[in-house]
Every structure is written in C-alpha cells, then in structure tokens.
Amino acid sequence: MSSRRSEALAFSLVTGINNAMARLVDIWDNIGIMEEQRVERMETVKQHIEGLLNDMITEEEALKLRIRANIITFKKQLDTLCLEMSMDPYKMEEGLTVLQIEKNLRLRVEVLTKEKGERLKELHGLQQQDKELCVELCVTPYYIPTGSMPSCTQLQELREHIQTLSEEKKSRAKVFSGLREDIRKLMEEMGHEPETSLEKESVGHDEDVFLLTHENIKALKLLLCQMEVKKESLTNTLAELKERSMCLWNRLDALEQDCNVFQESVMGTLSDQITQWQGELDRLTDLQKTRLEDVIDKVRQELVAFWDKCNMGPEQREPFNAHFCDNNVTEELLALHDAALLKVKNYYDQVKPFLEALQRWEKYWALFQDFEKKANDPNRFSNRGGALLKEAKEKVKVQKMLPKLEEELKKGVEAWENDQGSAFLVQGQRVMTYISSQWEEYKQQRGKEKSERAALQTSKKGEMTTPFKTPTKRAHGGINGPTPNKIRKPFFQKTPSQLTRVRSSSTFISVPSSKPLSQVQMQKMRPLESSSSQRTPLLECNSTERKQPVEISYSDFASALSKKTSDSVFNSTEKDPTF
C-alpha cells in the first residue's frame, strides 16, 4: 500500500512538472518569446529543479550514513550490556529496514541501561538485609562477586535467600521461646530446681541470652527431652503408687470416705505427690502384714474373676491350683498370687479385642438359635404390627454378622498367635475349634429333635387302627348330620384322569375291597413313604459310622443348608431340614 502511494506521488510530481512546463510554454507563446529565450528559461528551470533534488539527495545520503553509524554504536553498547547483565545476545528480526533497526537498537539500549541502574540499586539494599540476617543466625551470606553486575537469576536467588532467612529467624525465635516455656513448665510441674547453667538460662526471662543457632536449639531440645523423660518416670511412679495403694485399700476394705479424703489432700508438684503416696503405701503395707489371710482371699477372688473374663479352662488354671489351695498364709504366697494376677491382667489386655469379638459372636449365635426355634413355631405367622418382617430383617443381619465375626476372629487370632508364639484358648480349646464345637452341638441337637419327631409320627401311626366308614348320599329333605364337602362317585366309576383329580382334591376316597382312609391318614402316610428311600436322622445318629470332628463355621452351615433345601419341596406341611 505504501509503495503504491509513493508511485502515485512520483507520477503526480512528473505530471505536475509537465503541466507547469506546458503552462510556461503557453505563457511564452502569448508573450511572443523567441525560441532561444525559451531554451534559456527552460535551462534555468532545469538547473533549479536539479539543484533542489541534488541537495535533497545529499541530505538523505548523510542521514543514511548517520543511521548506519548509530546502528554500529548501539550494537556495541547492547552487546556490552548483555554481557554484563548475563543476558543472551540481542537478535535482530529479519526483513527490517535500516531506520527500523536503528530505532529498535536504540530503545533496547535505553531499557537495558535503566535496568542496570535499578539492579545495582536493588543489589545494594538486598546485601544490607542479607548481612544483618546472617549475623543474627550465624550463617554464610549469599555470595555475589564484588564489582560485578548481578543477573536477574542472582537477584531472585538473593531475594529468596533473604526470605528464607527471615522465615528461619521467625521459626527459630518461635522454637526458642516454645522450648524455654516447655522446660519452665516441666520444671514447675515436677518441682525440679535448675542445677546447670543451661537449665538456669532456660528458665530465665532474658530473650537475648541465646543466639538463634542450631547448636543452641539442639541443646534446648535435649534438655527438654531429659525433662520429659524425668516427668514420665515420675508420672509412672506416681501411677504405680496410686494403683498399689488403691489395690491395698480394696483388699483391706478401707472406707471410701477415708480414701477420698486422702486423695483430695494430695496436692503440689509430682515430687510432693509421690512422697505423700509413698507414705500412704508404706502405711497400707504394714497394715496388710497383719491381715494376710483376708488379703489373699481377696486376691484369689480377683484372680478367678479375670480367669472367667479370659475364658480360661481348667487346664489353664491347673498350674496355679497348688498355690491357690495352699492354706499356709505367708508373704511369699501373697507375692505369688500378686504375680499370677498381674500376669493374667496383662494377658487380658492383650486379648481383650478377641474376647470382645467372641462376645459379639456369642450374642449373634444366641440370636441365631432363637430365630431357628421361632421358625418351627406356626403361631409366628399370626403376628400383627410387622413383627415378622422385623424378625426377617434381624435374621438376615445375624446371617451376615456370624461369618464376618468368625473370619475376623480367625485372622486376628492367627496373627496374634504367630506374633506371640502361643495359642489363644477358649475354655481350653482353640477359638475356631470352640466355634466348630458349638455348630456341631447345634447340629446334633437338631438331628435329635428330628429323630424324636420321626419316632413320634411312627408311634402315632401304630395307634391309629380304627377305620372310617364311607359316607353315603343322604335323601333330600331332612336328615340332620354332618354334610361332606363334596359327594363323590365310587372309585370304579372314575376314569384314570378323574382318579388323579380325586386324589389331589377330594376329602374322602373310595378304595375297592378295603375300607376308606381319611385325608389325615393319607397325609400321615406320605412322610413315611417319602422317607423309605432315604435314611432318617435317627438312623444316621444310630449308625455305627463315626464322623471325625471337623471345624465348621457359619459359611459351611449355610452352604449345607442351601444344598439340602435345593433338593426339597417346600410347603406349609414340610418339616425343617436336619443340618
């Protein structure tokens, strides 16, 4: 677009000169100037125009040379600045004119010169801050060669360094004040008097007594750790004295009011409290020596209570029976009882999660047995208020929780046994053996109940010998008496298809050459016929084949139940299956 405008302007300039010359010629014609004079005037015009253009060309050439010189100068200055300021060399864009190049270089030099001054000024301020912080924290200042121009990266690193030192100073000051405060509180709680110079300086109120160095922080942390260890030791000692004193209070049947009065009177630092409790323990120990027999009886009762909590069987209690039954009351016997009680308490603390899980299992096991008993009660279907639906939901929950608890117990106990190297016993049995024995006992009980029902049905069948008479059609109009549901034709008048319908729906059945049987008799005969092809639970229990006891869980029980029920026909008269 710009080239077109210049071309148009040049064309208009030529056109203007031509028009001007044409007008001059017209003027000259009107005046009557001769040809020689015209040539002279045209030469004058030509010289004037050429002189003007030559002057303009000379000036533009000078400008061109000056611009090229500036470009060389600016390039040198720019290279020097880039080198001093650790910047990449400036790259010119391609396709620029000389004037554009000179302008870009000049602007870039001005920017870098200004940035150089700002960097030097900022460097001076940052170095002052860095120096002050390094003196306070006893660290090495950030190094920048003297007299050199810092790069942007160096300035940024110096800023980050100063920021880090400032945060470190705040952090160390906070740590120092926190450590000194903690040490002061611990000494006050324990009643400890400062002994070393470090302890005395730590509890002082002079904030400038410590330099903010890592060595001083480590020294204060070590002192704090020592104070915490000492406090923990005193706390454990105090807790032990309290526990022993309370145990002796219980053994000696001390009045609760006297115990409360003493506990309220105990005040002061840990050292003071330990002194007071130690005095009370010494008094109770002397009193215990005069009442050894009663004390040993109390320990035995507590020992039995913990044995019961841990579900220990006779085999686990037997090793201590000799001492438990020893009537020779001595301090040595009391010490043995105390040691046994401490041992079983520690064992209880270790296996408490398993004992709680076992209690939950026994709770759901009792609910499961209760639901199974209710399943055989036909009256439960006449409930109101949604109790049956609630019972079904609870039964589903029990069926989910039993295998879950068994699996948790199995994994947890196995891990504990591998870690401790000893077995976790419940009434002298492994926990899964104990659970399996409960399932096996329940299975045997169900089998026994099923056998008893089968035997009762067999005995009732033998007692029923009185035949029933076939009802006859009564005349219309009036004989009072029981009316059968439907009047059936004799058996020999039925077709086979009709006979099938009679057997499935009639109340009475006519059988040729024999007395008729009632529907009740027929139903009582069906279980006997269906059981002729399989062994009854009673026969299974009386069989000479003995099955080895195996570990059984709720999952095994449920799978056996689903397997058996899949082969059975469920209806309102079907008996519960034997598991």
Side-chain angles (χ1 to χ4, degrees), residues 186-192 227-314 316-356 359 420 422 425:
L186 286 175
M187 288 186 178
E188 292 175 356
E189 291 178 4
M190 294 185 296
H192 177 79
M227 293 295 104
E228 289 176 345
V229 170
K230 185 175 181 179
K231 180 185 176 181
E232 184 178 1
S233 176
L234 293 177
T235 304
N236 293 336
T237 302
L238 180 60
E240 183 180 355
L241 291 174
K242 286 183 179 180
E243 184 179 0
R244 291 172 62 186
S245 299
M246 291 180 180
C247 181
L248 290 178
W249 281 340
N250 294 331
R251 292 179 182 178
L252 300 174
D253 296 327
L255 296 178
E256 184 178 357
Q257 182 178 0
D258 296 338
C259 299
N260 293 335
V261 170
F262 174 78
Q263 294 183 30
E264 293 175 357
S265 65
V266 176
M267 299 176 64
T269 63
L270 285 175
S271 299
D272 297 337
Q273 295 181 31
I274 288 175
T275 302
Q276 298 175 47
W277 279 102
Q278 184 63 52
E280 178 67 9
L281 181 62
D282 294 339
R283 185 186 71 82
L284 295 174
T285 302
D286 295 337
L287 183 60
Q288 178 181 247
K289 293 179 181 178
T290 62
R291 301 169 60 181
L292 278 178
E293 185 174 357
D294 294 338
V295 171
I296 291 177
D297 288 341
K298 289 286 185 65
V299 177
R300 286 174 176 173
Q301 293 175 9
E302 191 174 0
L303 188 59
V304 171
F306 271 94
W307 280 344
D308 294 339
K309 284 184 179 180
C310 296
N311 289 324
M312 289 187 174
Q316 295 171 278
R317 309 184 188 193
E318 185 177 1
F320 195 73
N321 281 345
H323 303 299
F324 194 86
C325 300
D326 190 358
N327 295 324
N328 185 17
V329 179
T330 60
E331 293 184 11
E332 291 77 10
L333 183 63
L334 177 60
L336 291 173
H337 280 71
D338 286 337
L341 181 60
L342 180 61
K343 182 180 179 180
V344 72
K345 282 183 177 180
N346 293 334
Y347 175 76
Y348 175 76
D349 292 337
Q350 293 178 4
V351 301
K352 187 176 180 180
F354 306 139
L355 295 174
E356 293 176 350
Q359 289 178 357
Q420 299 293 328
S422 58
L425 302 180

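Residues take their numbers from the sequence shown, with the count starting at 1.
In this structure, a donor-acceptor pair under 3.5 Å is absent between the side chains of N236 and E240. E280 and W249 share a donor-acceptor pair across their side chains, judged by distance under 3.5 Å alone.
To the nearest 0.5 Å, the span separating OG1 on T237 from CH2 on W277 amounts to 14.0 Å. Atom-to-atom distance recorded for K230:NZ and M227:CE is 6.0 Å, nearest 0.5 angstrom. Note that CG of L248 is 11.5 Å distant from CE of M246, once rounded to the nearest 0.5 Å. Distance check: L425 CG to C310 SG gives 11.5 Å after rounding to the nearest 0.5 Å. Distance check: I274 CD1 to T235 OG1 gives 7.5 Å after rounding to the nearest 0.5 Å. Rounding to the nearest 0.5 angstrom, the gap separating the NE2 atom in H323 from the CG atom in L334 is 13.0 Å.
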(message) Test side-chain hydrogen bond (donor to acceptor under 3.5 Å, both in side chains) on Q350 and N346; report intermediate values, then the result.
(response) CA-CA 6 Å; Q350 293 178 4; N346 293 334; over 6 Å; no
(message) Could you go through M312 and V344, starting from their C-alpha distance and side-chain angles, then the distance that decides it, and tell me whether this counts as side chain to side chain contact (heavy atoms under 4.5 Å, CB included)?
(response) CA-CA 10 Å; M312 289 187 174; V344 72; 3.8 Å; yes
(request) Evaluate salt bridge (Lys or Arg N to Asp or Glu O under 4.0 Å) for D308 paired with R317, printing each intermediate quantity in order. (result) CA-CA 10 Å; D308 294 339; R317 309 184 188 193; 2.7 Å; yes
(request) Let me see the working for K298 and N250 under side chain to side chain contact (heavy atoms under 4.5 Å, CB included), right down to the final yes or no. (result) CA-CA 8 Å; K298 289 286 185 65; N250 294 331; over 6 Å; no
(message) If you apply the rule side chain to side chain contact (heavy atoms under 4.5 Å, CB included), what do you find for T269 with E189, and how did you get there?
(response) CA-CA 5 Å; T269 63; E189 291 178 4; over 6 Å; no
(request) Any chance you could lay out the side chain to side chain contact (heavy atoms under 4.5 Å, CB included) test for F354 and Q359, step after step, and finish with the verdict? (result) CA-CA 9 Å; F354 306 139; Q359 289 178 357; over 6 Å; no
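Residues N321 and E318 are in side-chain contact: their nearest non-hydrogen atoms beyond the backbone lie under 4.5 Å apart.
Not less than 6.0 angstrom separates the ring centroid of W307 from the ring centroid of Y347.
The heavy-atom pair separating M267 from D272 by the smallest distance is O-CB, 4.0 Å. Taking every heavy atom of both residues into account, L341 and F306 meet most closely at CD1-CD1, 4.1 Å.
Cation-pi geometry between R300 and F324 is satisfied (NZ or CZ under 6.0 Å from the ring centre, within 45° of the ring normal). Cation-pi check for K345 over Y348 is not met; the charged atom does not lie both under 6.0 angstrom from the ring centroid and within 45 degrees of its normal.
The backbone N or O of G268 lies less than 3.5 Å from a partner atom in the side chain of Q273, making a donor-acceptor pair. Using a distance-only test at 3.5 Å, with no hydrogens or angles considered, a donor-acceptor pair links the side chain of Q316 to the main chain of G313. H192 contributes no side-chain N or O that, together with a main-chain N or O of E188, makes up a donor-acceptor pair within less than 3.5 Å. Using modelled atom types, no side-chain atom of R244 and backbone atom of L281 make a donor-acceptor pair closer than 3.5 Å. Side-chain atoms of N260 come within 3.5 Å of backbone atoms of E256 as a donor-acceptor pair (strictly under, hydrogens ignored). In this structure a side-chain-to-backbone donor-acceptor pair under 3.5 Å is present from T275 to S271.
Under a cut-off of 6.0 angstrom, the local environment of CD in E356 is crowded, with over 12 non-hydrogen atoms contributed by other residues, nucleotides or ligands.
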